[in-house]
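Okay, so here's the structure we're looking at.
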Amino acid sequence: MSDDTQSLDLTAIDAYLRAHLVGYEGPLEAKKFAVGQSNPTFLLKTPARNYVLRRKPPGVLLKSAHAVDREFRVQSALADTDVPVPRMYLLCEDDAVIGSAFYVMEHLNGRNFSEPTMEGETNATRTAVIDEMNRVLAALHSVDIDAVGLSDYGPPGNYFERQLSRWTKQYRASETETIADMDALIEALGRQMPADDGQRTLVHGDYRIDNMMFEKGGTRCLGVLDWELSTIGHPYADLAAVIMQWQMPPGKEGRGLAGVDRAALGLPSDAAFIASYCARRGIAGIEDFGFYLAFNFFRMAAIIQGVYKRALDGNASNPERAMRLGQYVAVFAQNGRRALQG
């Protein structure tokens with residue numbers, strides 16, 4: 001089997017789509033997207049139209065991880081809201097078809113920015129894209145979860161307590177060595193947990209510019225992608241995730257804005273982005289933002305540790321990149337401790 005169709009049985013997929021997807025006609029070709037460490041994602045090409053398939057990876061998986069059924073559900077629910085998402089076509093939960101669950105969705109014919117610096121774009125474009133990113137985030141957190149049928153999409157209670165417990169367990173399950181800063185960060189987050197303020201919204205869980213598709217030649221968002229970590233939770237987790245990403249070094253690995261002259265590129269400061277978000281949601285400001293930022297550093301460290309462990313076990317979607325990412329677990333833990341103290 002070629003690299004492009006890594007762990008994807010085209011004959012089985014073709015037969016399944018012919019039987020279940022209205023309007024589908026082969027022949028079928030597939031190309032695996034290089035990005036995406038969690039759920040392998042493929043471009044399905046046919047003479048009439050293209051589709052995108054996301055599947056659970058093969059191998060032994062952590063409990064509750066790689067929930068493609070949840071991705072399918074949440075994007076289906078958002079179809080008629082102000083949050084742009086691709087159209088969902090079908091979900092297959094029968095592992096016998098290709099070895100794991102998968103779903104097929106619309107292929108968005110747009111453009112993706114891998115980094116917030118948006119190299120080669122004008123300042124006006126950068127400003128507009130980031131403002132659109134801000135608008136969509138506020139819209140996401142304003143979705144009426146009861147009206148769209150997602151009130152049971154996440155359990156009740158303190159979101160951050162729940163998430164700290166979940167990701168600590170995930171981290172311990174994939175731990176390959178003792179990292180003192182990670183242990184200290186986990187303890188400090190539990191000790192400095194803010195009181196629950198009652199906000200309960202849909203959260204994306206991995207909201208950043210490279211998980212968004214924009215129109216070609218424009219700045220309108222066509223769709224927010226990669227909903228695997230979505231749940232009902234606290235909106236500040238998503239907002240702080242954006243700021244966390246921007247504190248990373250620029251370039252293909254960090255994909256951040258650390259040390260970048262943002263004003264010279266038409267990019268907002270952290271404070272300006274937060275202020276715009278608060279204005280859109282009608283809130284005065286955010287206390288204890290350092291906690292939310294630290295939490296995101298912790299969770300990303302736990303996620304990266306899982307990716308690294310899958311690489312060691314031979315189950316990573318992109319093994320070479322997964323091995324490199326594994327070296328950043330300690331860095332994220334250190335940044336989390338600094339955010340909590342600052």
Side-chain angles (χ1 to χ4, degrees), residues 33-39 41 43 50-52 54 68 70-72 74-88 103 105-143 201-231 235 237-248 250-252 254-257 260 262 265-268 270 272-274 276-277 280-281 296 300 303:
F33 290 103
V35 296
Q37 283 300 313
S38 187
N39 291 325
T41 306
L43 174 64
N50 293 340
Y51 307 89
V52 171
R54 274 171 71 80
V68 294
R70 286 177 61 83
E71 287 190 22
F72 184 86
V74 68
Q75 291 175 97
S76 297
L78 291 172
D80 296 320
T81 71
D82 290 334
V83 181
V85 289
R87 179 183 175 188
M88 298 292 108
Y103 68 91
M105 64 180 175
E106 174 188 11
H107 175 247
L108 298 175
N109 187 22
R111 59 175 176 166
N112 173 258
F113 301 107
S114 61
E115 302 173 42
T117 48
M118 291 175 265
E119 186 176 350
E121 298 297 328
T122 65
N123 282 15
T125 293
R126 293 189 187 99
T127 299
V129 166
I130 297 298
D131 189 62
E132 174 73 344
M133 188 178 178
N134 190 286
R135 181 197 68 78
V136 172
L137 184 61
L140 168 62
H141 297 155
S142 301
V143 168
T201 72
L202 178 63
V203 294
H204 180 272
D206 195 17
Y207 193 81
R208 60 193 194 206
I209 196 168
D210 52 304
N211 278 335
M212 305 177 75
M213 189 68 68
F214 295 86
E215 62 183 347
K216 290 183 176 180
T219 59
R220 180 174 61 92
C221 178
L222 298 180
V224 180
L225 307 173
D226 199 357
W227 291 84
E228 186 200 344
L229 299 177
S230 62
T231 187
D238 276 345
L239 177 62
V242 176
I243 305 305
M244 178 208 72
Q245 187 67 48
W246 289 354
Q247 291 193 5
M248 293 290 97
K252 291 183 179 179
R255 293 178 293 183
L257 295 173
V260 171
R262 298 195 200 179
L265 294 179
L267 298 170
D270 292 348
F273 188 86
I274 294 169
S276 293
Y277 169 87
R280 283 187 161 108
R281 290 200 60 222
N296 272 280
M300 187 55 64
I303 291 171

task = Identify, with sequence neighbours excluded, every residue that meets ring pair (Phe, Tyr, Trp, His ring centres under 6.0 Å) alongside His141.
result = Tyr277

key: Pairing residues for Ala241 by the side-chain contact (heavy atoms from CB on, under 4.5 Å) criterion, not counting sequence neighbours   =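 Counting only residues at least two positions away or on another chain, Ala241 forms a side-chain contact (heavy atoms from CB on, under 4.5 Å) with Asn296.
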
task = Tell me, please, which residues at least two apart from Ala272 pass side-chain contact (heavy atoms from CB on, under 4.5 Å).
result =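 Per chain and number, Ala272 pairs via side-chain contact (heavy atoms from CB on, under 4.5 Å) with Pro268, Ser269.
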
What closest approach, in Å, do [X] and [Y] show between heavy atoms, and which atom pair accounts for it?
| X | Y | value |
| --- | --- | --- |
| Arg262 | Trp246 | NH1-CE3, 3.4 Å |
| Val68 | Arg54 | CG1-O, 4.2 Å |
| Val74 | Ser230 | CG1-OG, 3.7 Å |

Would you please name every residue forming a side-chain hydrogen bond (donor to acceptor under 3.5 Å, both in side chains) with [X], sequence neighbours left out?
| X | result |
| --- | --- |
| Glu106 | none |
| Asp131 | Arg280 |
| Lys252 | none |
| Thr125 | Thr122 |

Donor-acceptor pair, distance only, cut-off 3.5 Å: does the side chain of [X] make one with the backbone of [Y]?
| X | Y | answer |
| --- | --- | --- |
| Thr41 | Phe33 | no |
| Arg126 | Thr117 | yes |
| Asn211 | Asp206 | yes |
| Asn112 | Phe214 | no |

With sequence neighbours excluded, residues passing salt bridge (Lys or Arg N to Asp or Glu O under 4.0 Å) with [X]:
| X | result |
| --- | --- |
| Arg281 | none |
| Asp210 | Arg208, Arg255 |
| Glu132 | Arg135 |

Review item, side-chain donor-acceptor pairs of residues 80-88, under 3.5 Å, at least two apart:
from  : atom 1 : to    : atom 2 : distance (Å)
Thr81 : OG1    : Leu78 : O      : 2.9
Thr81 : OG1    : Val83 : N      : 3.1

query = Among pairs that include at least one residue of residues 108-120, which meet salt bridge (charged side-chain N to carboxylate O under 4.0 Å, His left out), considering only residues two or more places apart or in two chains?
reply = Arg111-Glu121

